[in-house]
Amino acid sequence: MLNPLPAAPDRLTELMACPRCDALHRVEALEETQRAECARCGTILIAPPARSFLHVIALAFTAMILMFGAMFFPFLKISAQGLSHDSSIFRAAMAFSDGIVAPLSLAVMLMIVALPVVRFAALIYVLWPLANGRSAWPRAQRLFRLAEELQPWSMAEIFIIGTAVALVKVAGLATVSLGPAFWAFCALIIVTALKNSFLSKWTIWQAIEQQ
Amino acid sequence: MTPEAIPTAHDCGLIGCTSCGRVWPQGTARCARCGAPLSPVDSAGLQKVWAWLIAGIIFYIPANLYPMLRTSTITGSQENTILGGVVELVAHHNYGVAAIVFLASIMIPLAKFLAISYLALAVGHENRAGGHRHLWLYEVVEFIGRWSMIDVFVVAILSALVQLGFVASIHPGPAAVSFALSVAFTMLSAQSFDPRLIWRGPTVNKEPQ
């Protein structure tokens, strides 16, 4: 990480600029469990590559299956004074579907279901050939970048906290029971968090570039 | 080497990709590895930050004035604004949840408006020494911003779930839309802020040596 002079273009692959603070580093090969942090701002530049791409693929598949279950099983059921009503996640998103608030239901649907699924699918598409030692499929760069850009907008974990708050608000009004989709969604969040922690962007970019 | 003395890619006449970290000679338009457009570190991008931030603040006003929820029960119907919802939770002694909603819907948006304005104003006027503090603030803003969406999801779930005819029903109010837009615009504002500017210090328009 001490190269004050512009390098020849072919040696630029040895350098890395911190995406946060632009500090220039020289990349060295890491041990299995090592990770590289930015010398100035501490941003993690290279996560430990100990977990193979297959781990990430497996977790992304798991997450997609859980999402499928979470979509179609009942999410929450409410009953009061002999009346009952159950709601799936799809119904929750469609709550805004009338009047001027209609576009919001589309946005909610995107944030809790569509964007997470797009990210899982993109990741599988990018990593599958790399895990098998082949060269990346066409448009893999665009898709991986898309998956990264969508990260702040996929809000599954926030949705679950929102559910918890909603449960407390309803508690006085009626009895609520949790359906299988609720638990599937909780599992989905844990799997997504695991997947994110196994993901090393730099390693994937390098693999895409080299193979 | 002190943090201030570490050369940036910009100092070395190079340009770093903010998407994948790959380094290219200055003037390259697009990263050949990941395809992201390469933007030079300059303060022109701050205009975007201000534009999204102002949009976020404008939409935050109706979000607080109009009702978020319309609840109708046997005893009558009621309209709740964001603050009204918090007050009601406190009245029912749900202090923990009241605190979550108050934090997510009122404190965090206001704190974000202040933090982003501060960062955008401070960039280019302070020395690099302020970097760590500013970067920390930026990371907090970026991490926490999405959590303001909680209230929108609460409204979505409540109005999907509580449909018990005359016994009780809940419908979303217009504030839900403007609140969601306000949160989205503030997130875009935070994303348009280029954290690399923090380390450029007062010499924002300096040419590379």
Side-chain angles (χ1 to χ4, degrees), chain A residues 1-6 9 12-13 15-24 39-41 45 76 78 80-81 83 85 87 91-96 100-101 103-104 107-108 111-112 141-142 144-145 148 152 155 158-159 161-163 165-166 168-170 172-174 176 201-202 205 208-209, chain B residues 1 3 6-25 33-36 41 73 89 92 94 97 100-101 131-132 135 142 146-147 149-165 167-168 172 174 176-177 180 187 191 195-196 198-199:
Chain A
M1 49 131 272
L2 23 85
N3 187 4
L5 294 168
L12 288 182
T13 44
L15 298 175
M16 178 178 190
C18 172
R20 285 277 155 150
C21 72
D22 211 31
L24 201 57
R40 177 195 286 150
C41 69
L45 297 177
L76 295 170
I78 181 176
Q81 303 179 16
L83 291 170
H85 179 80
S87 169
R91 273 285 251 312
M94 288 301 143
F96 296 117
I100 56 155
V101 285
L104 191 58
V108 170
M111 288 188 287
I112 60 180
Q141 291 90 330
R142 185 76 200 87
F144 186 51
R145 207 149 52 80
E148 288 295 321
M155 301 189 177
I158 299 170
F159 180 71
I161 303 289
T163 311
V165 174
V168 173
K169 282 196 166 186
V170 173
L173 209 61
V176 183
K201 272 173 76 175
W202 178 259
W205 281 125
I208 291 178
E209 193 177 33
Chain B
M1 207 186 284
I6 295 171
T8 62
H10 182 87
D11 294 336
C12 303
L14 299 167
I15 186 164
C17 174
T18 46
S19 163
C20 73
R22 184 84 153 77
V23 176
W24 301 98
R33 175 160 76 174
C34 71
V41 192
T73 55
L89 280 169
H92 286 91
N94 286 317
V97 180
I100 291 179
V101 177
H132 282 286
L135 191 73
E142 219 194 13
R146 322 156 56 221
W147 288 91
M149 277 294 185
I150 285 184
D151 228 27
V152 176
F153 292 141
V154 171
V155 174
I157 295 163
L158 284 178
S159 27
L161 189 62
V162 186
Q163 295 296 340
L164 296 171
V167 178
V177 182
M187 278 174 70
Q191 282 173 17
R196 293 177 300 174
I198 292 173
W199 301 96

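Predicted, not measured: the structure shown is a model, and the values here were computed from it. Residue numbering restarts at 1 for every chain, and letters A, B, ... go by the order of the sequence lines.
For the atom pair CZ (B:F153) and CD1 (A:I161), the distance works out to 11.5 Å, reported to the nearest 0.5 Å. Atom CZ in A:R145 sits 7.5 Å away from atom SG in B:C17 (nearest 0.5 Å). Remark: B:L158 CG to A:L76 CG distance equals 10.0 Å, nearest 0.5 Å. Here CZ of A:R20 is found 4.5 Å from CD of B:E142. Values are rounded to the nearest 0.5 Å. Summarising the geometry, atom NZ belonging to A:K169 is positioned 11.0 Å from atom CD1 belonging to B:I157; distances are rounded to the nearest 0.5 Å.
Looking at B:R146, its side chain does come within 3.5 Å of a backbone N or O of A:P152 through a donor-acceptor pair. A donor-acceptor pair under 3.5 Å links the side-chain atoms of A:K201 to the main chain of B:S19, judged by distance alone.
With a 4.5 angstrom heavy-atom cutoff, B:V162 touches chain A via backbone and side-chain atoms both. Both the backbone and the side chain of B:L161 have a heavy atom closer than 4.5 Å to some heavy atom of chain A. For A:I112, the part lying near chain B is the side chain, with the backbone staying farther off; criterion is any non-hydrogen pair under 4.5 Å. Contact of B:V101 with chain A is made through the side chain alone, with heavy-atom distances under 4.5 Å.
Counting only heavy atoms from C-beta outward, the side chains of A:Q141 and B:R33 never approach each other to under 4.5 Å.
Contact detail for A:A17 and B:G16: the closest heavy-atom pair is CB-CA, 3.6 Å. Summarising the geometry of B:A180 relative to A:L104, their closest heavy-atom pair is CB-CD1, 3.4 Å, with the distance given to 0.1 Å.
Of the listed residues (A:C21, A:C18, A:G162), the one with the most heavy-atom contacts under 4.5 Å to chain B is A:C21. Taking chain A as the reference chain and counting heavy-atom pairs below 4.5 Å, the highest number among B:V152, B:I15, B:D151 is found for B:V152.
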| Taking it one step at a time, do A:W205 and B:C34 satisfy side-chain contact (heavy atoms from CB on, under 4.5 Å)? | CA-CA 7 Å; A:W205 281 125; B:C34 71; 3.0 Å; yes
| Does the pair A:M16 and B:R22 meet the rule for a side-chain contact (heavy atoms from CB on, under 4.5 Å), with working shown? | CA-CA 5 Å; A:M16 178 178 190; B:R22 184 84 153 77; over 6 Å; no
